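Okay, structure first, notes after.
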There are 2 protein chains.
Amino acid sequence: MAREMVRQGGRSARIQSEVHRTVRDMLKTMDRGAITVPMIAEKSGVTPSTIYRRWGDLSELLADVAVARMRPVADPEDTGAMGSDLETFILQYAEEMSSKVGRSMLADVLGSMEGAAAGRCCQFTYDHLETLRERALTRGEKAFDVSEAIDAVIAPIIYHILFRDRELTIDYCRSLVSRFLEKCAGA
Amino acid sequence: MAREMVRQGGRSARIQSEVHRTVRDMLKTMDRGAITVPMIAEKSGVTPSTIYRRWGDLSELLADVAVARMRPVADPEDTGAMGSDLETFILQYAEEMSSKVGRSMLADVLGSMEGAAAGRCCQFTYDHLETLRERALTRGEKAFDVSEAIDAVIAPIIYHILFRDRELTIDYCRSLVSRFLEKCAGA
DNA sequence: CGGCTAACGCTAAAAAATTGCGTTAAGGTG
DNA sequence: CACCTTAACGCAATTTTTTAGCGTTAGCCG
């Protein structure tokens, strides 16, 4: 059979979720640099070789867990207008990403070169913004461009989180959003 | 003696530069995931324990090398006007950072949590922009704000390099600069 | 139900990381 | 300049992590 077969149920799935859960637990209580594959294996009740074979590497596993955590469970909140929709989403986004776990997830996602972790993760952001845009269009509002929103709002937030060169206050995030919306309206 | 003593000359410095050179060489010819501390040690003529004791970790060593490479050797080129100064600098910056080695340096710098690698590296960018700003002021031009330049131009470039969600063309970088300069002029 | 094989466990071997201890050589001092 | 202190290194033993072979288990399909 030529088709590549990938099991997605039963034991395989059970192990994946158990390992993921273990990693999430460990990230809460201990330092990321102290986590090792054998430790994860023991706490999950799995052999290390299973983890190595399946994920290849600690950084790949961490990236996989991070992407799974970032995967949104619901659409962004509908506040009734595009401006408040965007602001609400951005404030929540900034708070999540700048938290300790958020920072860790970002580092993990960017730390894996092999998988498409980074791409998948920023796709989530793109989709959310696209949802807001379509919602605005449905309302008859003049909607923003998603790529421009990423450049004007998301990119600065991520930059400052990664390089720790500026405190990410609520006011600052709000000003990013409002300046972006003004520019849209003026165009 | 209470004062912390750090040796900076002689053998210690020789080893540092030798190890750095070895790492740079290896990054050119082989994949980053394949580089190990014992390999670096052998090629540098040093024992692994020396590297572990001094840098603590492979990722810390890579970050150290990356920061050293990013340290600018000269001020940005003076083209006679602020607009062209900024565009010239940004285009060069984008090309360096989006190259294979640039991407690797970024990943290495962001991969080390301990040291202040990320902070030092983005300080270089800040300093360069500050130089351009002061140069503009000296000429009597209406200068841009450095923090705003980072948000509007640098951050998007870094974002797209890290997440690989968009091709970083010359035209795109130029449009970031020109839009930023227009916004400055209009303010 | 029965065959196929992806995915796992176990174990041994290889590689990497850690640690103790003696030695070398910066950098300061009399 | 000779001497002293100790940061930084080399070496080697130990521990831990990673890799690889091989038999076994259990999804998925006909």
Side-chain angles (χ1 to χ4, degrees), chain A residues 1-23 25-27 29-65 68 108 111-115, chain B residues 1-23 25-27 29-65 68 108 111-115:
Chain A
M1 185 177 290
R3 191 180 116 228
E4 172 117 359
M5 201 190 285
V6 177
R7 310 236 164 131
Q8 41 190 343
R11 180 172 66 170
S12 191
R14 203 159 47 243
I15 284 178
Q16 152 145 8
S17 71
E18 191 60 32
V19 168
H20 273 224
R21 196 189 59 73
T22 302
V23 170
D25 285 353
M26 295 179 73
L27 283 173
T29 57
M30 51 189 301
D31 196 51
R32 229 175 85 270
I35 297 179
T36 65
V37 172
M39 287 169 70
I40 299 171
E42 191 187 13
K43 283 180 189 284
S44 315
V46 192
T47 36
S49 60
T50 295
I51 294 181
Y52 285 118
R53 256 192 262 270
R54 184 149 174 183
W55 283 278
D57 196 285
L58 175 61
S59 65
E60 293 296 323
L61 169 56
L62 292 177
D64 191 44
V65 173
D108 293 340
S112 88
M113 317 298 285
E114 313 304 328
Chain B
M1 181 176 290
R3 191 179 117 231
E4 172 118 359
M5 198 190 285
V6 177
R7 310 239 164 130
Q8 41 190 348
R11 179 173 66 171
S12 192
R14 203 159 46 243
I15 285 179
Q16 153 144 6
S17 70
E18 191 60 32
V19 168
H20 273 225
R21 196 188 58 72
T22 302
V23 170
D25 284 355
M26 295 179 74
L27 282 172
T29 57
M30 51 190 301
D31 196 51
R32 229 176 86 271
I35 297 180
T36 65
V37 172
M39 285 168 71
I40 299 170
E42 192 187 12
K43 282 180 190 284
S44 315
V46 192
T47 36
S49 60
T50 295
I51 294 181
Y52 286 119
R53 258 193 260 268
R54 185 150 174 183
W55 284 278
D57 195 285
L58 175 61
S59 65
E60 294 296 324
L61 169 58
L62 291 178
D64 191 45
V65 173
D108 293 340
S112 88
M113 318 298 284
E114 313 304 328

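All values derive from a computational prediction rather than experimental measurement. Below, read A as the first sequence line, B as the second, and so on, with proteins coming before strands; counting in each chain starts at 1. Keep in mind that the numbers below use all heavy atoms, side chains included, and drop hydrogens, waters and symmetry copies.
One can place CG of A/Asp57 at 12 Å from C1' of D/dT19, the figure rounded to the nearest angstrom. One can place CD1 of A/Ile51 at 13 Å from P of D/dT19, the figure rounded to the nearest angstrom. Rounding to whole angstrom units, CG of residue A/Leu58 and C1' of D/dT19 are separated by 16 Å. Atom C1' of nucleotide D/dT16 and atom CD1 of A/Ile35 are separated by 17 Å, given to the nearest angstrom. Following rounding to the nearest Å, B/Gln16 (CD) and C/dA26 (P) show an atom-to-atom distance of 15 Å. Straight-line distance from the CD atom of B/Glu18 to the P atom of D/dA8: 19 Å, rounded to whole Å.
Remark: A/Arg32 engages A/Asp108 in a salt bridge, criterion side-chain N to carboxylate O under 4.0 Å.
Residues A/Gly10 and B/Val46 each lie close to DNA chain D; by heavy-atom proximity, the contact nearer the 5' end of the strand is made by B/Val46. Comparing A/Ile15 and B/Pro48 along DNA chain C, the residue whose closest nucleotide (by nearest heavy atom) sits nearer the 5' end is A/Ile15. Sequence order on DNA chain C of the closest nucleotides to B/Met39 and B/Ser12 puts B/Met39 first from the 5' end.
At the phosphate of C/dA7, neither OP1 nor OP2 sits under 4.0 Å from any side-chain N or O atom of A/Arg54.
Taking 4.5 Å as the limit, some side-chain heavy atom of A/Ile15 sits within range of a side-chain heavy atom of A/Arg54.
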Test side chain to side chain contact (heavy atoms under 4.5 Å, CB included) on B/Leu58 and B/Ile40 and set out the steps. CA-CA 10 Å; B/Leu58 175 61; B/Ile40 299 170; 3.9 Å; yes

Mind running side chain to side chain contact (heavy atoms under 4.5 Å, CB included) on B/Trp55 and B/Val19 for me, showing each step along the way? CA-CA 11 Å; B/Trp55 284 278; B/Val19 168; 3.9 Å; yes

Apply side chain to side chain contact (heavy atoms under 4.5 Å, CB included) to the pair A/Met39 and A/Thr22, showing each step before the final yes or no. CA-CA 10 Å; A/Met39 287 169 70; A/Thr22 302; over 6 Å; no

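Side-chain N/O atoms of A/Arg14 and base N/O atoms of D/dG27 include no donor-acceptor pair closer than 3.5 Å. A donor-acceptor contact under 3.5 Å is formed by the side chain of B/Ser49 with the base of D/dC11. In the interface, the side chain of A/Arg53 is paired with the base of D/dG21 through a donor and an acceptor atom under 3.5 Å apart.
Here the nucleotide nearest the side chain of A/Arg11, chosen from D/dT17, D/dA8, D/dT25, is D/dT25. Residue B/Thr47 places its side chain closer to D/dC11 than to any other of D/dC11, D/dT17, C/dA16.
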